[in-house]
*Asks:* 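I'd like to ask you about the structure that follows.
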Number of protein chains: 2
Amino acid sequence: MTDKKKLTLKDIAKALNLSVSTVSRALKAHPDIANETIELVKKYAEDNHYVPNLMAVNFRKSRTYNLGLIVPEIVHHFFSTVISGAICEANGQGYNILVTQSNDILNVEEKASQIMLNGSVDGLLISISNETTTGEHLQAFLDEGKPVVQFDKITDYISCPKVIVDDFEGAYQATKHLIDQGYTRIAHIRGRTDVKNACDRYEGYLKALKDAGMPIREDLVKCCTMITEDEGYNFTSELMQNDNPPDAIFCITDLVAFGSLKYLKENGYVVPNQIGLMGFSNWMISQTTTPTMSTVNQYGYEMGRAATKLLLQLIKDQDLDRADTTILKTELIIRESSMKQK
Amino acid sequence: MTDKKKLTLKDIAKALNLSVSTVSRALKAHPDIANETIELVKKYAEDNHYVPNLMAVNFRKSRTYNLGLIVPEIVHHFFSTVISGAICEANGQGYNILVTQSNDILNVEEKASQIMLNGSVDGLLISISNETTTGEHLQAFLDEGKPVVQFDKITDYISCPKVIVDDFEGAYQATKHLIDQGYTRIAHIRGRTDVKNACDRYEGYLKALKDAGMPIREDLVKCCTMITEDEGYNFTSELMQNDNPPDAIFCITDLVAFGSLKYLKENGYVVPNQIGLMGFSNWMISQTTTPTMSTVNQYGYEMGRAATKLLLQLIKDQDLDRADTTILKTELIIRESSMKQK
DNA sequence: CTGTTAGCGCCTTCAG
DNA sequence: CTGAAGGCGCTAACAG
């Protein structure tokens with residue numbers, strides 16, 4: 001049982017008949033202080049379990065050693081890997097991470113960042129909500145000299161470093177893979193037109209078709225708003241009712257692909273031989289479906305680490321003024337759902 | 001663009017020719033202060049975007065308005081739902097959550113809690129690592145008057161409120177369900193013998209067998225150490241090589257059940273007609289397997305909220321001295337893997 | 001009703 | 001080499 005009241009510099013000073021400032025400096029082994037004194041103070045502090053009062057130190061330095069982290073949703077495989085990476089990097093550099101979620105609601109995101117800005121954190125890591133466009137609440141951070149790093153879902157209205165995956169290239173590779181497998185009528189169930197990732201993936205899809213000299217058919221593109229299993233299911237139903245239905249579907253994310261798979265299996269389509277399927281994001285579920293789902297891995301953990309590393313750089317070197325975009329490679333993961341037997 | 005330097009009480013006082021304390025009180029609408037003054041100060045503060053310096057306030061009150069949250073693993077469906085619930089409850093009451101993970105390593109958990117104890121948080125929510133037994137690092141919190149609430153994975157060495165799910169009852173129901181379906185040789189792939197949840201589930205399994213007058217066969221119980229898909233796969237292989245193999249397997253968690261399913265399918269066993277299967281925890285993957293996996297839902301979100309609510313009670317009412325255990329009900333989720341056709 | 005004073009715990013000039 | 005003094009921004013007695 002330690003004492004109820006924590007030891008302060010003052011207590012040590014009194015006990016050792018020194019001044020507070022000497023004690024303070026001794027503990028930091030300041031060159032001005034005699035070695036004996038340093039030893040003495042350090043020993044006393046050690047023996048009596050002196051722990052500096054972080055709140056006082058932080059207040060003095062106006063630093064919190066906390067980083068804010070806002071994601072749309074915590075219960076989401078990809079984001080949880082990002083959080084994990086961020087925490088790893090932050091803890092390694094002596095920072096804590098303060099996590100919150102916006103549930104893709106702008107209002108919630110604004111409130112959360114407002115609270116964090118009011119002195120809870122030294123900087124912000126954020127993946128914006130679907131509703132966020134301009135982002136004055138992020139600008140407010142910059143205006144107060146607190147750096148911001150955006151990741152995954154970003155807005156270009158704010159001038160700060162960004163870390164994203166190469167959605168375009170990932171989607172291009174995914175689509176190209178389907179083409180290479182011999183599929184010829186490739187549909188795409190995409191995400192919202194006002195969300196950058198979704199657009200990039202769509203562009204990657206288009207480019208792959210073009211490069212292969214395939215026609216672009218608007219009737220083979222469906223647009224999710226909520227990115228749910230149900231949307232995958234229902235859009236697949238619509239697609240298959242087409243006069244000239246697709247023989248492969250590239251979905252914006254694994255969950256949607258799962259919904260798609262469900263519809264196809266329920267209706268007697270054989271995946272991958274009749275219909276090829278690709279997801280995106282490499283959720284854990286993509287390994288547990290039958291057939292297993294081909295997908296694109298996004299390296300969330302690395303993204304979390306990279307974004308945090310950037311933010312800490314900006315915090316430690318206030319003069320640094322970066323606003324570049326780090327683009328992480330994706331990885332095509334080929335599983336059963338796209339392996340047409342030739 | 002707001003000003004670079006933030007407005008302080010002093011600034012307002014100077015501008016309005018008042019004293020700092022008057023301004024301070026006016027902003028809180030203290031009854032001593034004249035209404036006109038209150039209006040005046042509030043208006044000025046509003047117009048000039050005065051925001052109190054939280055670090056100073058917190059330092060003064062020695063409160064951080066942060067809660068620590070330590071889980072073994074963030075990238076884990078159950079824990080992410082707990083985190084989500086905790087954040088919801090905390091934010092609702094004006095608190096932030098500082099998340100970290102132990103990776104089931106005691107040493108990491110100790111360091112993380114040490115850092116948090118040093119003034120980053122007002123209290124701690126923790127689900128301990130597999131390696132944690134006594135938990136002096138948790139006692140250290142209590143010794144400093146900072147409340148702790150344990151959840152899910154707990155140790156009884158620490159006297160504090162605990163929130164757990166009824167693992168015993170959940171496992172009992174799961175096993176009973178298998179029995180009710182007509183399975184007669186029910187195996188159990190359990191977790192570590194030094195982890196409470198695992199033991200409780202094992203006990204629930206035993207009790208259900210006993211209540212049904214079924215024999216307890218030690219050769220039908222396997223013990224995981226890492227709780228992985230591979231363990232599920234390998235132990236199922238061992239079980240099926242038994243002279244008198246099981247006709248149903250109840251697994252400690254969905255991931256293990258998935259490994260088990262994989263082995264069974266690869267080796268031509270038909271689930272659920274030949275072999276019944278039950279998981280635990282209701283991970284998302286339990287919905288995506290073929291057949292879909294019966295499981296036990298743990299209401300992680302509610303657990304997170306409940307634990308946080310308790311912690312905030314303890315923080316706000318320091319005299320309160322609770323050390324009771326809240327036991328949340330589980331929910332049996334019956335899917336295809338256990339629905340033997342009779 | 002308002003102002004003065006003091007202090008939270010620590011750090012940092014500035015003097016000796 | 002060490003101490004005294006001042007202040008970070010805010011709150012809370014204690015006086016008027």
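We name chains A, B, ... by the order of the sequence lines, and we start the count at 1 in each one.
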*Asks:* Any chance NZ of A:Lys14 has more than 12 other-residue heavy atoms, nucleotides or ligands included, within less than 6.0 Å?
*Replies:*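 No, not enclosed.
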*Asks:* Starting from the first five and the last five pairs of the helix from C:dC1-D:dG16 to C:dG16-D:dC1, work out the angle between the resulting helix axes, to 10 degrees.
*Replies:*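 Here the helix ends are tilted 50° relative to one another.
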*Asks:* Does C:dG9 have its OP1 or OP2 closer than 4.0 Å to a side-chain nitrogen or oxygen of A:Tyr50?
*Replies:*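 Indeed not, no polar side-chain atom of A:Tyr50 lies that close.
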*Asks:* Is A:Lys10 near enough to C:dC8 that one of its side-chain N or O atoms lies under 4.0 angstrom from OP1 or OP2?
*Replies:*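 So the side chain of A:Lys10 is within the cut-off, an N or O lying under 4.0 Å from OP1 or OP2 of C:dC8.
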*Asks:* By a strict heavy-atom criterion of less than 4.0 Å, which residues belonging to residues 36-44 of chain B are in contact with DNA chain D?
*Replies:*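 Close to the strand, none.
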*Asks:* Does any residue of residues 111-119 of chain B have a heavy atom under 4.0 Å from DNA chain D, and if so, which ones, in number order?
*Replies:*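 Here the set is empty: none.
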*Asks:* Below 3.5 Å between N/O atoms, which protein atoms pair up with nucleotides 14-16 of chain D? Just atom names and distances, please.
*Replies:*
none

*Asks:* Which of these, A:Asp11, A:Leu7, A:Val23, sits in a side-chain contact (heavy atoms from CB on, under 4.5 Å) with A:Tyr50?
*Replies:*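 So, applying the side-chain contact (heavy atoms from CB on, under 4.5 Å) to A:Tyr50 and each of A:Asp11, A:Leu7, A:Val23, only A:Leu7 qualifies.
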*Asks:* I want to check something: taking the side chain as every heavy atom from C-beta on, are A:Val71 and A:His76 in contact at a cut-off of under 4.5 Å?
*Replies:*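 When only atoms from C-beta onward are counted, A:His76 and A:Val71 do not touch, as no gap falls below 4.5 Å.
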*Asks:* More than 12 heavy atoms of other residues, nucleotides or ligands under 6.0 Å from NZ of B:Lys10: is that the case?
*Replies:*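 Atom NZ in B:Lys10 is not packed in, count stays at 12 or less.
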*Asks:* Are more than 12 heavy atoms from other residues, nucleotides or ligands located less than 6.0 Å from atom CD of B:Glu36?
*Replies:*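 Incorrect, the count does not exceed 12.
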*Asks:* State, without any angle test, whether A:Gln150 and A:Thr155 hold a side-chain donor-acceptor pair at a distance under 3.5 Å.
*Replies:*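 There is no such pair (donor and acceptor under 3.5 Å, judged by atom type) between the side chains of A:Gln150 and A:Thr155.
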*Asks:* Could you check whether any side-chain heavy atom of A:Met116 comes within less than 4.5 Å of a side-chain heavy atom of A:Phe141, counting everything from C-beta outward?
*Replies:*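 Sidechains of A:Phe141 and A:Met116: in contact.
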*Asks:* Give a yes or no on whether B:Glu46 atom CD has more than 12 heavy-atom contacts from other residues, nucleotides or ligands under 6.0 Å away.
*Replies:*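 No, because the 6.0 Å sphere around CD of B:Glu46 holds 12 heavy atoms or fewer from other groups.
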*Asks:* Does the side chain of B:Gln93 come within less than 4.5 Å of B:Thr308's, by heavy atoms?
*Replies:*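 Result no, sub-4.5 Å side-chain heavy-atom pair not found.
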*Asks:* Under the ring pair (Phe, Tyr, Trp, His ring centres under 6.0 Å) test, which residues partner B:Tyr65, sequence neighbours left out?
*Replies:*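 By the ring pair (Phe, Tyr, Trp, His ring centres under 6.0 Å) rule, B:Tyr65 matches B:Tyr95.
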*Asks:* Are A:Gln313 and A:Asp317 close enough that a side-chain donor and a side-chain acceptor fall under 3.5 Å?
*Replies:*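 Judged by distance alone, the side chains do not pair up.
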*Asks:* Pull out every residue in residues 11-23 of chain B that has a heavy atom closer than 4.0 Å to any atom of DNA chain D, ordered by number, or say none.
*Replies:*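 Hits under 4.0 Å, by residue number: B:Val20, B:Ser21.
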*Asks:* Go through D:dG9, D:dT2, C:dC1 for me and flag the one nearest to the A:Ile33 side chain.
*Replies:*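 My answer, after comparing the listed nucleotides, is D:dT2.
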